[in-house]
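Notes to accompany the following structure.
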Amino acid sequence: MLKKGVPTTAIVSFVFVFMVFFFTSQINLSLLSGSNVASSTARSKPVIVNSAREDKRAPSTSRSGVESVITCDCSHGYYDMWSINGPTLLDPITSTLFAIGATNSTPLEFTVKFHPYPRKTDKNAKSKVNELTLTSAPPKSSCGIRHSSPAIVFSTGGYTGNFYHQFNDGLLPLYITINSLTLDQDVILVVTNWSDWWAKKYADLLHQFTRHPIVNMDNQTRTHCFPSAIVGLMTHGPLVVDPRLLPRNKTLLDFHALLQNTYGPRRNHLSTSGKSKGARPQLVLVNRKNGVGREILNLKEVLKAIEEVGFKAIVFEPKRNASVRETYRLLHGSHAMLAVHGAAMTHLLFLRVGTVVGEIVPIGTDWPAKTFYEKPARVLGLEYMKYKIEVNESSLAEKYRVNDLVLKNPSAFVNGNYTKAMVYMKTQNVKLDIVRFRAYLKEAVVKAQRFMDKEG
């Protein structure tokens, strides 16, 4: 009931004004709350670029449409790759990269620590890789040396002492990373965990990737400035170049061609055997002689069998400081390569298309042999031939009983435990059954002879 003296129109007006005020306040509070949440999120997280797009292309390193100057392609199982998409200052003393092109939309003083090596879940590998810091905080130093090209920053630590990892964790990922850029870019390589032997050994190949001197980050005392920087390397898997993930559809064959362009001799001087009458196809046996497993115990008998079936045999024992060019020409000019499963099989990258490549596969190494070497060999058009070791050819037969799980079912014995796999990788040697091996060699020499007759 209305009190006397209070007009109805006045009450209606009051109610209307109150409701407008109430809803306006709620809207402002909601907007203010949303603004605070957005601000908090922006301050704590970089922009994460998920490269698992429908077209399966690698993400652009362009800053267009990116809210943060620091971004990460962190969606992969093998690697993370961080980008500073604008002016970058490298302080080598503190191993820090500063995003000096940060804007108002950049997270304030965002910082991340990162091991630039493409084995993101491998703690043992990362323990041998220097940790870098990326930050949008302002640097305390000014530019000492200015560069006009972007930087690609990576490590040659980790497992780089191993020949397989020199390619799989370093050179091949570098090739993939450079070819993933959406525009052709002239880049500067910046390396941490520097090794003089590595830089000298691969100097010719590294200069196929850049025309600039390579920056040894570990011995620098002045700051360096770049227009942008990629930190870390991309990888597609064990000796894999996936054309679906690269803008120009590159494959492992393109990397193979790059090696040929870098180290290869002229066509007229490919073969060390030649096409002279009575010439035998040349087989290079890449021998393990390091005392850490998978050695051929009856090497002399094996070499005799190789010669008797019709090969010209050459024993090659890899050394870390060996000339890549000389090694390449030896293998590239041959008609067959033979090795026990291990890092030395990586030399298949040096072979001509059509070459016979034989892998002696000890007990318990079937999966890595197929994954790391058989698959890449077939992509490269090599004539892959596996020689699977039987129990009586393994030194493990002297230590374990025939029904022991180690011999009977290696997969069940290992069961995902890498330490147990070392039984097969580190303590196993092989003594080939010459009668059985000779039958394998006879098939190989026919294929190698056919290849030599065709290619020289």
Side-chain angles (χ1 to χ4, degrees), residues 239 251-288 296 299-318 322-342 344-361 369 373-388 432 434-456:
L239 295 187
T251 71
L252 188 61
L253 280 167
D254 293 290
F255 181 72
H256 184 260
L258 179 66
L259 295 177
Q260 161 69 18
N261 185 53
T262 305
Y263 301 115
R266 292 181 180 276
R267 181 75 179 175
N268 292 338
H269 300 88
L270 279 176
S271 178
T272 56
S273 296
K275 284 188 176 182
S276 60
K277 186 177 180 180
R280 293 178 294 162
Q282 179 170 286
L283 180 147
V284 177
L285 190 153
V286 188
N287 187 41
R288 292 178 64 89
I296 300 176
L299 181 61
K300 288 184 178 179
E301 294 177 74
V302 167
L303 289 173
K304 182 180 178 182
I306 290 172
E307 291 275 355
E308 287 178 348
V309 299
F311 278 114
K312 174 185 176 183
I314 294 179
V315 177
F316 170 64
E317 294 178 351
S323 164
V324 179
R325 187 175 299 279
E326 291 178 10
T327 302
Y328 183 93
R329 292 189 176 187
L330 169 66
L331 288 158
H332 202 71
S334 298
H335 310 100
M337 184 187 91
L338 178 68
V340 179
H341 169 74
M345 281 292 298
T346 311
H347 287 95
L348 61 82
L349 292 171
F350 295 177
L351 302 175
R352 287 177 283 166
V353 173
T355 302
V356 176
V357 55
E359 182 173 16
I360 299 170
V361 181
Y373 303 117
E374 180 179 351
K375 288 183 178 179
R378 297 198 184 283
V379 170
L380 293 176
L382 303 175
E383 190 70 56
Y384 178 88
M385 295 180 64
K386 177 171 71 173
Y387 181 83
K388 179 71 176 73
L432 306 187
I434 296 300
V435 174
R436 180 169 171 260
F437 186 60
R438 186 186 294 272
Y440 168 85
L441 289 173
K442 286 180 177 179
E443 183 181 351
V445 76
V446 170
K447 294 180 179 181
Q449 183 72 54
R450 187 184 304 129
F451 173 66
M452 184 181 75
D453 292 343
K454 180 181 178 182
E455 300 292 339

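Every value quoted in this text rests on a predicted model; they were computed, and no experiment measured them.
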Would you give the length of the straight line joining atom [atom1] of [X] to atom [atom2] of [Y], rounded to the nearest 0.5 angstrom?
X	Y	atom1	atom2	value
E374	Y384	CD	OH	4.5 Å
L331	L349	CG	CG	10.5 Å
Y440	L338	OH	CG	5.5 Å
L259	L351	CG	CG	11.0 Å
L441	I306	CG	CD1	5.5 Å
L348	L239	CG	CG	7.0 Å

Kindly write out the residues that satisfy ring pair (Phe, Tyr, Trp, His ring centres under 6.0 Å) with F255, not counting sequence neighbours, or none if the list is empty.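 F255: ring pair (Phe, Tyr, Trp, His ring centres under 6.0 Å) contacts with Y175.
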
Quick check: closest heavy atoms across [X] and [Y], and the distance to 0.1 Å?
X	Y	value
I360	I296	CD1-CD1, 4.1 Å
P281	H335	CA-ND1, 3.5 Å
M345	V340	CG-O, 4.0 Å
N287	E317	ND2-OE2, 3.1 Å
A369	E359	CB-OE2, 3.4 Å
F311	A336	CE2-CB, 3.9 Å

Pairing residues for T262 by the side chain to side chain donor-acceptor pair (under 3.5 Å) criterion, not counting sequence neighbours: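 By the side chain to side chain donor-acceptor pair (under 3.5 Å) rule, T262 matches Q208.
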
Residue pair [X] / [Y], side-chain heavy-atom distance below 4.5 Å:
X	Y	answer
V379	T251	no
T355	S334	no
L330	Q282	yes
I434	K304	no
F437	E301	no
L253	L380	yes
P318	V286	yes
M337	F350	no

How are the rings of H341 and Y373 set relative to one another: parallel (under 30°), tilted (30 to 60°) or perpendicular (over 60°)?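 Answer is perpendicular, since the angle exceeds 60°.
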
Should the ring pair H332 and Y328 be called parallel, tilted or perpendicular, given that the plane angle runs from 0 to 90° and is split at 30 and 60?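 Correct class here is parallel.
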
Output all residues satisfying salt bridge (charged side-chain N to carboxylate O under 4.0 Å, His left out) with [X], sequence neighbours left out; order by chain, then residue number.
X	answer
K447	E383, E443
E307	R280
R450	none
K442	none

